[in-house]
Student: 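One structure follows; several queries about it will come next.
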Amino acid sequence: MNLPLDPTGEPSPAERSLPRRAQLTGAALSAVQERILAPLNEAQRRAVTTTAGPLLVLAGAGSGKTRVITHRIAWLIQHEGVAPWKILAVTFTNKAAAEMRDRLHEMIGEAARDVAMGTFHSLCARMLRRDGEAIGLPKGFTIYDADDQARVIKGFLKEDDLPATGETKPSLILGAISRAKNDGLNADQMEDRAITHHERLVARFARRYAAELKRLDAVDFDDLLLEGLRLLQEAPAVADRYRAKWEYLHVDEYQDTNRIQYNWVRELAAKHGNLCVVGDDDQSIYSWRGADIRNILDFERDWPTAEVVPKKKLWTELEGGDQITVYGAFDPEDEAAWIVRRIEEASAVVTGRRADAPEPVSLNGIAILYRTNAQSRAIEEALLRSSIPYQLIGGTRFYQRREVKDALAWLRVLRSDTDRISYERILNVPPRGIGDKTIELLRAAAAPSVSAPDGTPYGHVIAAAGRGEVAGVNTRARNSLAGIADVISRLRDRIAAVTLPELLDGVYSESGLRAHLASEGVEGEERWANLLELRGISGRFMELAPLDALDRFVEETALVADQDAFDGDAERVTLITLHAAKGLEWPTVFISGLTEGLFPHSRALMDQEQMEEERRLCYVGITRAKRRLSLSYALRRGWGDGDGAPSRFLAEIPEELLVVANDDDPRADGETRFGRGFRSARAGFAGGESWREGSGTPGAPSGAFRPGRDLEARRRAYSAGARSGSLRVPDTDGIDEAPDDDEYIGEAPELIQPVGRIPPWAATGRGAAGAPPQTAGAPLPPPLRPRTVAPARARIPGERYFRDGDRVLHPSFGEGIVVTSKLTRHDEEVTIAFAGSGVKTLAASIANLEVQG
DNA sequence: CACCTAGTACTTTTT
DNA sequence: GTACTAGGTG
């Protein structure tokens, strides 16, 4: 319950904590000042106390930018006497908002609850839920995630009999549509600008997609922002209300806002201009999803009176810390083993620590960062082997797991007749005889026709089909549909009378999900546990009226971010992508996979701007470390795409800051400055005398680990602990009450993801680390995809013909750059980043490759 | 017509 | 791992 108006006339907690300006005489004033300003440096103080008008805070990593916002809000409330509900703070994740609120709560108490905070997406969703009808958006709209979006597109592809691969791959089409939307283009404008065949194709899909989402009462993530902006632009009365409501605006991570978000903020600030944005252009890493660095560069132009708190020195901060350790590994397993060994040495995990060893570090002070989610695999295995607990952020996200989405689809269906995608999701789970053919008939029946120009709501079609009113549906499917329609109507009758967890109980049992999972063995148990987890999380909404609880739960679950799962207090090592690590810090950080083609990623090799973004990403990663930083790379990368050179980013770090961990390694040949070089790698790989044989990884305890059984047992022990540990009682439960009778968007309940989940592949032992399949002599060549027949080229036996960085021309893939190449027994496998067709590995003797002068 | 199994191809980053 | 497909079976 959030700030109920007290019938006795006592001041509300918010009112109590509000100092009156008039009361702030000498001593009181300085006490407030002291508490808020004392921990801040000069620049921060200036930012905090500059409260009127536009303010741009540009500062480097670790300089306390978020802190500036928190203290500024405290200052506004306690020193300037601004009502907390007049203040808005936009953060990058829900987690960041929750943390900011926690810190604010410590500083100023209960008033912290009334400050509006959230992500752009969640704030827009809340505003649209309340006021969207002013621009024609139905109240009960559903938020579609990437998976839902793809299902919509796949429906089109099926209608058109097009493949879901190649240039009509749903993710590709959706990416293009999203980019156009973020550029402010609608389908018509896309069509006008389309030049290539593919662009016209995408434009047509964009039109259909927009129409279909409208028909389904659904919005995607981009729409949330676009409609949120449209609300402010096209509903003046509503816009004025919000402008009057929020007199002081704050935006964190401003460098990652896109054009739409910027315009949204500008609309809100139009009246009073009290806009404080905080960012660091060196940490701009989201241009691929529309973030526009011009938002920073243009700020002063758009707000001529803006105060700017200047950027501070950055790199010198590194000098105070320890030197950076670099390790050149042979392959990802070796790399992971080295990281784990260092963690064991530094933490108390390893027994028999030397007496003179430094104070053991705690596991929650350690993070392992990587460029792509797939890279977590090798590291997880190594951690599991050493029984080091970890939390994996991202990867297969909880709310995207199949069974969780199934359960959520049921909830969506209960509150929508039109949400076809969710209906189709639940129709045949568990299998009940409703297949492709039946779905096709249902879609046809729902489609617009002469008698129903807007189409028929899918929910109605299902009920009709259950009554035998849709021709062609076979008996079994018909009975199932009748059963589903019946369950839906019964559950709907119950919504208003039961709590959300109880409603989910009904869904689980009456949908057959529960019985289905019970018959599915170990995997079913795992999935069932996830459904119980979901049920537990839904309990956070019990304070709300049941119908509101359902709406809010469905909405919030659609908007959780990866980072929201991060638990900084858990005694676990954190595994996280470089992107998701932004805004977080640890005393000890490992950045793994610093291999050309991985980081920087191969897709960035062709493009100067993308390469710069990779470099900034590296900067973000490096600056996550408060005290100790270790960098590592593996010469052999996974996926059979050849060897990789040490990342160029390693070479860009001043030599004197680095300590090479394997300098004295007898296997290192000194060919590269980072120890293990190409020649030794190649010899070890192809020559059969690999140090890898037998013992696995040098220096690691050998023979103690049996991949299959051990992993299984440990996985069980872990997942149990991880689950119970992940459920936190919400700090507060206030949701939506206005402190006065003003309409109000305030605190959202915090949704927590399970942490430390052990991925299924670790459980089976199939993917577990161990010696790779050994073949005599050369390793198995990766599959050669393209088969361009061409005469063999002259080459010197035993020597690579293609050099990294060579520009090459391929008859069908066009121009590309050699990422790396590897000698096999009779050939050379060249990995090339092509401008248009991505990265391919080709056999030099077969592919007709021309080296460009 | 639906369902199951096995085989194949795919993996940048995410609200 | 996931998603999709093809082909055989009930």
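So you know, we letter chains A, B, ... as the sequences are listed, proteins then strands, and number each from 1.
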Student: Within the structure, does a side-chain N or O atom of A:Arg289 lie under 4.0 Å from either OP1 or OP2 of B:dT14?
Tutor: no
Student: Rounded to whole Å, how long is the line connecting atom CD of A:Glu613 with atom P of B:dT14?
Tutor: 13 Å
Student: Is there a donor and acceptor pair closer than 3.5 Å between the side chain of A:His601 and the base of B:dT12?
Tutor: no
Student: Among the candidates B:dT14, B:dT13, C:dC4, find the nucleotide nearest to the side-chain atoms of A:Lys154.
Tutor: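 Closest nucleotide to the A:Lys154 side chain: C:dC4.
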Student: Extract from the structure each pairing of a protein N or O with an N or O of nucleotides 1-3 of chain B at less than 3.5 Å, listing the distance.
Tutor:
from	atom 1	to	atom 2	distance (Å)
B:dA2	OP1	A:Gly435	N	3.2
B:dA2	OP1	A:Thr438	OG1	2.5
B:dA2	OP2	A:Lys437	N	3.1
B:dC3	OP1	A:Arg432	N	3.4
B:dC3	OP1	A:Gly433	N	2.5
B:dC3	OP2	A:Asn428	ND2	2.8

Student: Tell me the interatomic distance from A:Arg151, atom CZ, to C:dT2, atom C1', rounded to whole angstroms.
Tutor: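 Whole-Å distance recorded here is 13 Å.
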Student: Under the rule for salt bridge (charged side-chain N to carboxylate O under 4.0 Å, His left out), what residues qualify as partners of A:Glu335, not counting sequence neighbours?
Tutor: none
Student: Do we count A:His579 as stacking onto B:dT13 if the rule is ring centres under 5.5 Å and planes under 30°?
Tutor: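 Given the distance and angle limits, no, they do not stack.
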Student: To the nearest Å, how far apart are A:Lys405 NZ and C:dT2 P?
Tutor: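 For the pair A:Lys405 NZ and C:dT2 P, the rounded distance is 15 Å.
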Student: Answer with base, sugar-phosphate or nothing: what part of the nucleic acid does A:Tyr286 contact at a heavy-atom distance below 4.0 Å?
Tutor: sugar-phosphate
Student: Could you tell me the separation between the NZ atom of A:Lys181 and the C1' atom of B:dT15, rounded to a whole number of Å?
Tutor: 13 Å
Student: Look at A:Asn373 and C:dG1 and indicate whether a side-chain polar atom (N or O) is within less than 4.0 Å of OP1 or OP2.
Tutor: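 No.
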Student: Consider only side-chain N and O atoms of A:Asn479 and A:Arg476, and report whether a donor and an acceptor are under 3.5 Å apart.
Tutor: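 Absent: no donor and acceptor within the cut-off.
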Student: What residues, two or more places apart in sequence or in another chain, satisfy side-chain contact (heavy atoms from CB on, under 4.5 Å) together with A:Ser287?
Tutor: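 Per chain and number, A:Ser287 pairs via side-chain contact (heavy atoms from CB on, under 4.5 Å) with A:Glu613.
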Student: Whole-Å distance between B:dT14 P and A:Asp222 CG?
Tutor: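 Atom-to-atom, A:Asp222 to B:dT14, this comes out as 16 Å.
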Student: Dump the pairs, protein N or O against N or O of nucleotides 7-10 of chain C, anything under 3.5 Å, distances to one decimal.
Tutor:
none

Student: Rounded to the nearest Å, what distance is computed from the CZ atom of residue A:Arg603 to the C1' atom of nucleotide B:dT12?
Tutor: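 These atoms are roughly 7 Å apart.
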Student: Ignoring hydrogens and angles, write down the donor-acceptor pairs under 3.5 Å from the side chains of residues 425-437 of chain A, residues two or more places apart or on other chains.
Tutor:
from	atom 1	to	atom 2	distance (Å)
A:Arg425	NE	A:Asp406	OD1	2.8
A:Arg425	NH1	A:Asp147	OD2	3.2
A:Arg425	NH2	A:Arg402	O	3.4
A:Arg425	NH2	A:Asp406	OD1	3.3
A:Asn428	OD1	A:Arg432	N	2.6
A:Asn428	OD1	A:Gly433	N	3.4
A:Asn428	OD1	A:Ile434	N	3.2
A:Asn428	ND2	A:Ile434	O	2.9
A:Arg432	NH1	A:Ile426	O	2.9
A:Arg432	NH1	A:Leu427	O	2.6
A:Arg432	NH2	A:Ser511	O	2.8

Student: State which residues pass side-chain contact (heavy atoms from CB on, under 4.5 Å) with A:Ala518; sequence neighbours excluded, sorted by chain then number.
Tutor: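 Scan of A:Ala518 (side-chain contact (heavy atoms from CB on, under 4.5 Å), adjacent residues dropped) gives none.
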Student: Is it the case that A:Tyr619 and A:Gln283 place a side-chain donor and acceptor less than 3.5 Å from each other?
Tutor: no
Student: Does A:Lys582 make a cation-pi contact with A:Phe92 (under 6.0 Å, within 45 degrees of the axis)?
Tutor: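 Here A:Lys582 passes the 6.0 Å and 45° test against A:Phe92.
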Student: Rounding to a whole Å, what distance do you find between A:Leu172:CG and B:dC10:P?
Tutor: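 To the nearest whole Å, that distance equals 13 Å.
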Student: Report yes or no: is the cationic atom of A:Arg289 (NZ for Lys, CZ for Arg) under 6.0 Å from the centre of the six-membered ring of A:Tyr286, at an angle within 45° of the ring normal?
Tutor: yes
Student: Within this structure, what is the CG-to-C1' distance between A:Asp220 and B:dT14, rounded to whole angstrom?
Tutor: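 The distance from CG of A:Asp220 to C1' of B:dT14 comes to 14 Å, rounded to the nearest Å.
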Student: Would A:Trp288 count as stacked on B:dT13 if the rule is ring centres under 5.5 Å and plane angle under 30°?
Tutor: yes
Student: Can we say A:Arg151 and A:Glu424 salt-bridge, meaning some charged N sits less than 4.0 Å from an Asp/Glu carboxylate O?
Tutor: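 Salt bridge: no.
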Student: Would you say A:Ser602 places a side-chain N or O within less than 4.0 Å of OP1 or OP2 belonging to B:dT12?
Tutor: no
Student: Between A:Phe649 and A:Ile622, is there a side-chain heavy-atom distance shorter than 4.5 Å?
Tutor: no
